[in-house]
Asker: 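So that we are looking at the same thing, I have put the structure below in structure tokens.
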Amino acid sequence: CRLPSPSKNDDEKGYELDLFCVPKHYEEDLDRVIIPHGLIMDRTERLARDIVRDMGGHHIVALCVLKGGYKFFADLLDYIKALNQNCDKSVPLTVDFIRLKSYCNDQSTNRVKVIGGDELSTLTGKNVLIVEDIVETGRTMETLLSLLSECNPKMVKVVSLLVKRTPRSSGYRPDYMGFEVPDWFLVGYALDYNEYFRDLSHICILNEKAKVKYKV
């Protein structure tokens, strides 16, 4: 099935900034809003319902991929907890964290740095739900899944808020997906550019001037 997308084709640029509340210190750094915060929340709630439907009854270790995934992770778990209190099915949850790094400025590198990978052995024999912010080429997630497989978890599922349409894709697709997006550099809702823009509520397109302004 086709993933939800904020635009019909990659030529469309989302929504005008002045339709939404954007922090003043970022107004000159963004081109458009691609996914408004309210739409993110509605889609996240539905993803939570799907996960509880499919995985209800299993004890799950929710593994947050830091740093970009922390906001999606927190909101998704809040919706799952709400469903646990109000549905016939429920998902017992514990949480863990890992950090992956594959970017330098706005360019994805061919190397994936895993921070905290020595602790993955604690996931042996467990049901793991990896919570990621964005899948781009897919190679970062494939690296993590390869590391996890060495630890022999009982089951592994991946949920990603965003999946990019890009010719650089390895073909990997997560088990649960929020939105399919064009191959732009996106920030907001904890997605960053050199640690900036994590405090932006909407997911937005970063403009070229900002890439220079915040370059390290």
Side-chain angles (χ1 to χ4, degrees), residues 1-7 34-100 116-117 119-136 138 140-142 144-165 171-181 186 188-191 198 201-203:
C1 62
R2 183 167 175 79
L3 301 180
S5 173
S7 62
I34 187 69
I35 309 178
H37 183 257
L39 186 57
I40 296 169
M41 298 303 288
D42 282 356
R43 181 65 183 139
T44 302
E45 183 177 15
R46 179 53 195 252
L47 287 170
R49 286 175 55 188
D50 292 345
I51 291 167
V52 170
R53 178 199 64 207
D54 296 343
M55 305 180 75
H58 297 282
H59 173 253
I60 301 298
V61 179
L63 181 64
C64 176
V65 180
L66 296 171
K67 296 179 181 177
Y70 82 84
K71 184 64 176 149
F72 176 49
F73 181 80
D75 290 335
L76 181 69
L77 262 60
D78 281 347
Y79 281 124
I80 291 176
K81 287 188 289 184
L83 289 168
N84 280 347
Q85 296 171 357
N86 298 292
C87 294
D88 293 335
K89 273 191 173 183
S90 63
V91 180
L93 282 172
T94 53
V95 301
D96 206 344
F97 302 89
I98 190 169
R99 185 177 176 191
L100 306 178
E119 299 173 1
L120 293 178
S121 60
T122 61
L123 301 175
T124 299
K126 295 182 179 179
N127 301 304
V128 182
L129 176 67
I130 301 173
V131 183
E132 173 70 291
D133 56 349
I134 186 167
V135 170
E136 300 189 51
T140 299
M141 185 54 63
E142 288 173 334
L144 176 56
L145 290 172
S146 177
L147 288 171
L148 271 175
S149 68
E150 296 174 4
C151 301
N152 298 311
K154 184 177 180 182
M155 174 176 63
V156 178
K157 298 286 186 181
V158 178
V159 55
S160 181
L161 177 62
L162 305 176
V163 175
K164 272 193 179 181
R165 294 189 293 271
Y172 170 79
R173 288 292 182 267
D175 302 283
Y176 304 95
M177 300 172 269
F179 301 93
E180 187 178 82
V181 293
L186 305 177
Y189 193 68
L191 293 165
R198 294 193 193 277
S201 295
H202 313 294
I203 295 176

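Treat the numbers as computed from the prediction; the structure is a model and nothing was measured.
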Asker: Taking distance alone, no hydrogens or angles, what donor-acceptor pairs closer than 3.5 Å link side-chain atoms of residues 49-57 to residues at least two apart or in another chain?
Answerer:
residue, atom, partner, partner atom, Å
Asp50, OD1, Arg46, NE, 3.0
Asp50, OD1, Arg53, NH1, 3.4
Asp54, OD2, Tyr176, OH, 2.9

Asker: Just by modelled atom types, is the Met177 backbone N or O under 3.5 Å from a matching donor or acceptor in the Arg43 side chain?
Answerer: yes

Asker: If every non-hydrogen atom of Ser149 is compared with every non-hydrogen atom of Ser146, which pair is closest and at what distance?
Answerer: OG-O, 2.7 Å

Asker: Looking at Pro153 and Leu148, what are the two nearest heavy atoms and their distance?
Answerer: CD-O, 3.0 Å

Asker: Give the minimum heavy-atom separation between Tyr70 and Arg198, together with the two atoms involved.
Answerer: OH-O, 4.0 Å

Asker: For the pair Val128 and Ile130, evaluate side-chain contact (heavy atoms from CB on, under 4.5 Å) and give the outcome as yes or no after the intermediate values.
Answerer: CA-CA 6 Å; Val128 182; Ile130 301 173; 4.1 Å; yes

Asker: Looking at Val158, is its backbone amide N or carbonyl O close enough to the side chain of Asp175 to form a donor-acceptor pair, meaning the two atoms are under 3.5 Å apart?
Answerer: yes

Asker: If I take atom CZ from residue Phe73 and atom OG1 from residue Thr44, how far apart are they, to the nearest 0.5 angstrom?
Answerer: 13.0 Å

Asker: Quick check for you: to the nearest 0.5 Å, what is the distance between Arg99 atom CZ and Leu66 atom CG?
Answerer: 8.0 Å

Asker: Examine distances only and state if a side-chain atom of Asn127 and a backbone atom of Ile60 form a donor-acceptor pair shorter than 3.5 Å.
Answerer: no

Asker: Look up atom CG in Leu144 and atom CD in Glu142, then write down how far apart they are to the nearest 0.5 Å.
Answerer: 11.0 Å

Asker: Can you check whether Ile35 reaches Tyr189 side chain to side chain, under 4.5 Å on heavy atoms?
Answerer: no

Asker: Is Ile40 close to His202 at the side-chain level, that is, under 4.5 Å between some pair of heavy atoms?
Answerer: no

Asker: Evaluate whether atom NZ of Lys154 has more than 12 neighbouring non-hydrogen atoms of other residues, nucleotides or ligands under 6.0 angstrom away.
Answerer: no

Asker: Drop me the distance from Asp75's CG to Leu47's CG, to the nearest 0.5 angstrom.
Answerer: 11.5 Å

Asker: Would you say the side chain of Val91 lies within less than 4.5 Å of the side chain of Leu83, judging by non-hydrogen atoms?
Answerer: no

Asker: Between atom OG of Ser201 and atom CE of Met41, what is the distance when rounded to the nearest 0.5 Å?
Answerer: 10.0 Å

Asker: Could you grab the distance from atom CG of Leu63 to atom NZ of Lys126, nearest 0.5 Å is fine?
Answerer: 11.5 Å

Asker: Does some side-chain heavy atom of Asp133 sit less than 4.5 Å from a side-chain heavy atom of Val65?
Answerer: no

Asker: Is any side-chain heavy atom of Leu93 less than 4.5 Å from a side-chain heavy atom of Val95?
Answerer: no

Asker: My understanding is that only residues two or more places apart in sequence, or in another chain, count here; which of them pass side chain to side chain donor-acceptor pair (under 3.5 Å) with Lys71?
Answerer: none

Asker: Over all heavy atoms of both residues, which pair between His58 and Pro92 is shortest? Give the atoms and the distance, please.
Answerer: O-CD, 3.0 Å

Asker: Can you check whether Leu162 reaches Leu191 side chain to side chain, under 4.5 Å on heavy atoms?
Answerer: yes

